[in-house]
There are 2 protein chains.
Amino acid sequence: MEEKEISQAVISRLPRYFRYLGELKERGIERISSQELSDIMKVTASQIRQDFNNFGGFGQQGYGYNVEYLYDEISKILGIDQMHQLIIIGVGNLGQALTNYTNFNRRGFVFKGAFDCNPELYGMKIRGVEVRPTEEIENFVRTNNIDIAVLTIPKDQAVPMAQRLVDCGIKAIWNFAHVDLDVPENVQVENVHLSDSLMKLSYNITRYEKKHGRTGNGKTGS
Amino acid sequence: MEEKEISQAVISRLPRYFRYLGELKERGIERISSQELSDIMKVTASQIRQDFNNFGGFGQQGYGYNVEYLYDEISKILGIDQMHQLIIIGVGNLGQALTNYTNFNRRGFVFKGAFDCNPELYGMKIRGVEVRPTEEIENFVRTNNIDIAVLTIPKDQAVPMAQRLVDCGIKAIWNFAHVDLDVPENVQVENVHLSDSLMKLSYNITRYEKKHGRTGNGKTGS
DNA sequence: AAAGTTATGTGAAATTAATGTCAAATCATA
DNA sequence: TATGATTTGACATTAATTTCACATAACTTT
Ligand SMILES: NC(=O)c1ccc[n+]([C@@H]2O[C@H](COP(=O)([O-])OP(=O)(O)OC[C@H]3O[C@@H](n4cnc5c(N)ncnc54)[C@H](O)[C@@H]3O)[C@@H](O)[C@H]2O)c1
Ligand SMILES: NC(=O)c1ccc[n+]([C@@H]2O[C@H](COP(=O)([O-])OP(=O)(O)OC[C@H]3O[C@@H](n4cnc5c(N)ncnc54)[C@H](O)[C@@H]3O)[C@@H](O)[C@H]2O)c1
């Protein structure tokens, strides 16, 4: 059986489809055509059909797509029909914020453990999740079938920690440290580089102002 | 003068170049060829040259690129040679984590104000930034030359809040709420959809397991 | 059940992005 | 200052992605 590789460009769009379909579902809408979805989402109907067709025909000619069915299929494609066990490494500002966020749960992402190297944090509980010393990571990952490690530690710590995670059989790393991780291909990495995102925003501000001749609000410190 | 539009694909790569150049600069390295950078960054030398050339010739034939000069030029392109004034709207888990993060400062992104609708938070200070009632947003944005609003409020609040920000002349919105904002083209939006990012990770885990036939937490186990 | 309508799925065309190639400029060196 | 090595910038080529267009299947209505 020939499984063709789906491009990441397509995958990146799936969560957005999923979100819109979830909203339609909640509003009790049963069916939708690629054209209607196109109007709502501001992407071409053609792209919508192409995207879905990568995974097989979910629609019906003359009818369109069944919202609930399509929603379920996308959730299967994304693998969020299954539970994922997470641990968080680095219980600082960002680590705590993520652990406290309840909405990941609703998509089947469950925080099972939290780890830090700061002894003062040991035993502290965040939404029922206890903070443990980093020494326990390896054992915890293995005995609790952890899929994903969330890395919210300083960047110089992230590289060796990623290696430890790889060595104890983690499946994926959600990396918030501002550094590239070099891992084998059996470990998936998704980077969230917030500074990069902010810089892109800065570029777009600058570009717009250049193009439209507004030099800005005088600013530069003041 | 004909200013050709640079594709967002190129822009997305600039912060990464910037990061690597910063590291080279700190290590005291003066010059680098596209081939050397290619080896370090794992992108083709051709793409590096092509990317830089979008903005004019920064290199010298037979020599390569001057690290510091290139670093400075990219920082100008990204607009981070200038200060940016930020406000944060929604001082919850995520809002506080972001406000506490000192590294944005070093790139010229400065938090000038924080706003929430919860009266219990008014007057609270986060790294010297005082939390104010949302009613004061409009006036604050105008009198303090705020460029960027960071939106860390629930998604149903984000849409009307974005409208208020647009109306009082904000230049950009850094949106963490899981919803698409519809704003005029003079306002730049950069979305950080963390759930989308997690779903992509989930997809890649699933894809890898499908491809390699490991259904459970079988481990790499060497 | 037939006729007309709708909207998918698909292959082809167009566009956009990435990679490969090489002449020409500059560097290093003797 | 001449020579050979290096490396960019520009252009050509290839690959990937998006859009177009339409035959075809299924729906709806009479
Ligand atoms: N907070 C933000 O808004 C933000 C934004 C962008 C990027 N980041 C990145 O996220 C990471 C965390 O940021 P933060 O603001 O939460 O930092 P933080 O200092 O608040 O927290 C870091 C935590 O990691 C722990 N730690 C350090 N080394 C460790 C190790 N080897 N093993 C386990 N725990 C360790 C520390 O004890 C601390 O509790 C950093 O890499 C930062 O660059 C954060
Ligand atoms: N915390 C996370 O890790 C995380 C992850 C992904 C997405 N998000 C998104 O970020 C946003 C904030 O998440 P959070 O975890 O910080 O939530 P939170 O509940 O901790 O904080 C939200 C804050 O916004 C304030 N608020 C609500 N409505 C407001 C309004 N109209 N004006 C001003 N302030 C208002 C609340 O009083 C609260 O202080 C949400 O949209 C959430 O979906 C958060």
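Residue numbering restarts at 1 for every chain, and letters A, B, ... go by the order of the sequence lines.
Counting only heavy atoms from C-beta outward, the side chains of E30(A) and V67(A) never approach each other to under 4.5 Å. The shortest distance between side-chain heavy atoms of L70(B) and Y17(B) does not fall below 4.5 Å. Contact check for S202(A) versus H84(B): side-chain heavy atoms found under the 4.5 Å cut-off.
Look at N53(A) and you won't find any side-chain N or O under 4.0 angstrom from OP1 or OP2 of dT8(C). Between dT18(D) and R13(A), a contact under 4.0 Å exists linking OP1 or OP2 to a side-chain N or O. Between Y65(A) and dT6(C) there is no side-chain polar atom (N or O) within less than 4.0 angstrom of OP1 or OP2. Note on T44(A): every side-chain N or O is 4.0 Å or more away from OP1 and OP2 of dT18(D). Residue S7(B) places at least one side-chain N or O under 4.0 Å from the OP1 or OP2 atom of dA17(C). OP1 and OP2 of dT8(D) both lie 4.0 Å or more from every side-chain N or O belonging to R31(B).
Rounded to whole Å, the distance from CD on Q60(B) to P on dA28(C) is 10 Å. Counting to the nearest Å, the P atom of dG9(D) and the CG atom of N54(B) are 12 Å from each other. What separates CD of Q35(A) from C1' of dT5(C) is a distance of 16 Å, to the nearest Å. Rounded to a whole Å, the CZ atom of F58(A) is 13 Å from the C1' atom of dT8(C). One interatomic measurement links the two molecules: CD of Q8(B) to P of dA18(C), which rounds to 13 Å at whole-angstrom precision. Atom pair F55(A):CZ and dT10(C):P shows a separation of 14 Å (rounding to whole Å applied). Distance L37(A) CG to dA7(C) P: 13 Å, rounded to the nearest Å. The CD atom of E36(B) sits 11 Å away from the C1' atom of dT6(D) (whole-angstrom rounding).
Contact annotation for F52(A): no contact, since no heavy-atom pair falls under 4.0 Å across all strands. As judged by a 4.0 angstrom heavy-atom cut-off over every strand, Q50(B) is placed among the base-contacting residues. Using a 4.0 Å heavy-atom cutoff across all strands shown, S46(A) reaches at least one base atom of the nucleic acid.
Checking dT17(D), dT8(C), dC22(C) against every side-chain atom of R49(A), the shortest atom distance belongs to dT8(C). Nearest nucleotide to the side chain of Q61(B), out of dT26(C), dT19(C), dT8(C): dT26(C). For Q47(B), whose side chain is taken as the heavy atoms from C-beta onward, the closest listed nucleotide among dA18(C), dT18(D), dC27(D) is dA18(C).
Residues G59(A) and A9(B) both approach DNA chain C. Their nearest nucleotides, taken by heavy-atom distance, put G59(A) toward the 5′ side. Residue G56(B) is the one, among V43(A) and G56(B), whose nearest nucleotide of DNA chain D lies closer to the 5' end (criterion: closest heavy atom).
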With salt bridge (charged side-chain N to carboxylate O under 4.0 Å, His left out) as the test, would you mind laying out the steps for R13(B) and D51(B) before giving the verdict? CA-CA 8 Å; R13(B) 288 192 290 267; D51(B) 281 349; 2.7 Å; yes
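Here E209(B) pairs with K171(A) in a salt bridge; the nearest charged N to carboxylate O distance falls below 4.0 Å. A salt bridge links R207(B) with E5(A): at least one charged nitrogen is closer than 4.0 Å to a carboxylate oxygen.
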